[in-house]
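Shown next, in structure tokens, is the structure this report addresses.
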Amino acid sequence: MNGLSDFKKMEREGWANPAIAKGYADGFHQATRLVAQRLSDAVSAGPKSTVLDLCTGHGVVAAELSARGASVTGLDFSGVMISLAQSAVPDASFIQGDAMSMDFADSSFDAVTIGFGVPHFPDPGRGLAEAARVLRPGGRIAFSIWKGKGSDGAFGWLFDAVGRLGDPSVELPLGPDAHMLADRSSAEPMVTQAGFAEFQLFDVPSELHVQHPEDLFDAFDQGAVRAASLLRSQPAMKRDSIRSDLAERTRSLGNMHNGGFLVPAPSVIISAVRR
Ligand SMILES: C[S@@+](CC[C@H](N)C(=O)[O-])C[C@H]1O[C@@H](n2cnc3c(N)ncnc32)[C@H](O)[C@@H]1O
């Protein structure tokens, strides 16, 4: 097996795991709901639009699009995620499938949204080109990416803690950098090459809600795939140190909300028009 097929296997098996799907839906819901609103704004979702929501997960973006009256089709390769989405958004249609190669005819949709899905593609450029194929010319795509290393928030803190306190010999299956598209210089050429024009990238300050400071570690450990794999491969003592470090940073925010804490989770949205 080469690195990329290991990566594909890790992604498919991870998201098919009911505990991870539920962990993601619970742990990241507040942050992703805020971003879903901005994604729906970015594609001007409304009663006359047909929108394809790729990597729909538990349906957080589909719910927002549907609330605005759009006719929504959600697609995800995880059957567990599709079941969660179907119960959450009964008005939308959901299909189990791979966003890298879809059965839809060319130019089938007015808009495509992808909430935090592109970095899970083994080849993000090819995934975006497939999204362009099913989008009508002039239709809009919008997708979100978490800011990673060096950012002041959940993912930046995680990579900082793993870098300082983790086992440096732990390696993940080779795969595309999960956060590179948060950077305009990486995103713009890839999006343009995939068949889009009118590239825009803007910051979206979002927040994760955690009940207890230790829950930030758990959100990654129990509700993610790549980050969870990085944490689960750490020796027990190093995991404990990373957990304490994230808890300490969360505690130091002191911004209590509904009896818990709001942790910054900065992301970007990229939007563009199908040429
Ligand atoms: C991080 S979750 C995002 C869920 C939701 N869109 C959101 O904004 O919170 C990523 C989702 O992408 C799905 N996924 C990853 N790669 C995929 C692919 N190649 N085709 C279809 N779904 C994929 C996973 O099963 C998972 O549900």
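Ligands are counted one by one from 1 in listed order, and the atoms in each one are counted from 1 as well.
The salt bridge (Lys or Arg N to Asp or Glu O under 4.0 Å) test with E198 is passed by exactly one of R275, R274, R140: R140.
Ranking protein heavy atoms by distance to atom 9 (O) of ligand 1, first place goes to Y24 OH, 2.6 Å. Scanning the protein for heavy atoms near atom 13 (C) of ligand 1, the closest one is D76 OD2, 3.3 Å. Looking from atom 19 (N) of ligand 1 to the surrounding protein, the closest heavy atom is D98 OD1, 2.9 Å. Of all protein heavy atoms, the one lying nearest to atom 3 (C) of ligand 1 is G115 O, 3.2 Å. Of all protein heavy atoms, the one lying nearest to atom 20 (N) of ligand 1 is A99 N, 2.9 Å.
Within ligand 1, counting atoms from 1 as listed, the ones closer than 4.0 Å to a heavy atom of F116 are 1 (C), 3 (C), 8 (O), 10 (C). Counting the atoms of ligand 1 from 1 in the order shown, those under 4.0 Å from a heavy atom of T32 are 9 (O). Close contacts between ligand 1 and H120 involve ligand atoms 1 (C), 10 (C), 15 (C), 16 (N) [criterion: under 4.0 Å to a heavy atom]. Close approach of ligand 1 to M81 is summarised as follows: ligand atoms under 4.0 Å from at least one heavy atom of the residue are 27 (O). Distances below 4.0 Å separate heavy atoms of G97 from the following atoms of ligand 1: 20 (N), 21 (C). Those atoms of ligand 1 with a heavy atom of S78 less than 4.0 angstrom away are 25 (O).
Annotation: D106, atom CG; neighbour count of heavy atoms from other residues, nucleotides and ligands within 6.0 Å is above 12.
Atom OG of S241 is separated from atom CZ of F217 by 10.0 Å, given to the nearest 0.5 angstrom.
A salt bridge does not link D152 with K147: every distance from a Lys NZ or Arg NE/NH1/NH2 to an Asp or Glu carboxylate oxygen is 4.0 Å or more. For E64 and R68, the salt-bridge test passes: some basic side-chain N is under 4.0 Å from an acidic carboxylate O.
If you look at V35 next to ligand 1, there are no close heavy atoms at all, none under 4.0 Å.
Counting heavy atoms from C-beta on, the side chains of R136 and F109 never come closer than 4.5 Å.
When all heavy atoms of R251 and E214 are compared, the pair lying nearest together is NH2-OE2, 2.9 Å. L4 and P122 get closest at one heavy-atom pair: CD1-O, 3.8 Å.
For A36, the heavy-atom gap to ligand 1 stays at 4.0 angstrom or more.
When W15, W146, F77, F28 are ranked by how near their heavy atoms come to atom 16 (N) of ligand 1, first place goes to F77. Summarising the contacts of atom 6 (N) of ligand 1 with S101, C55, G74, A62, the nearest heavy atom is found in C55.
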Exercise for the section: Could you walk me through whether L75 and T56 pass side-chain contact (heavy atoms from CB on, under 4.5 Å), step by step? Expected result: CA-CA 6 Å; L75 179 135; T56 197; 5.9 Å; no

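Judged purely by distance below 3.5 Å, without hydrogens or angles, the side chains of H209 and H29 never pair a donor atom with an acceptor atom.
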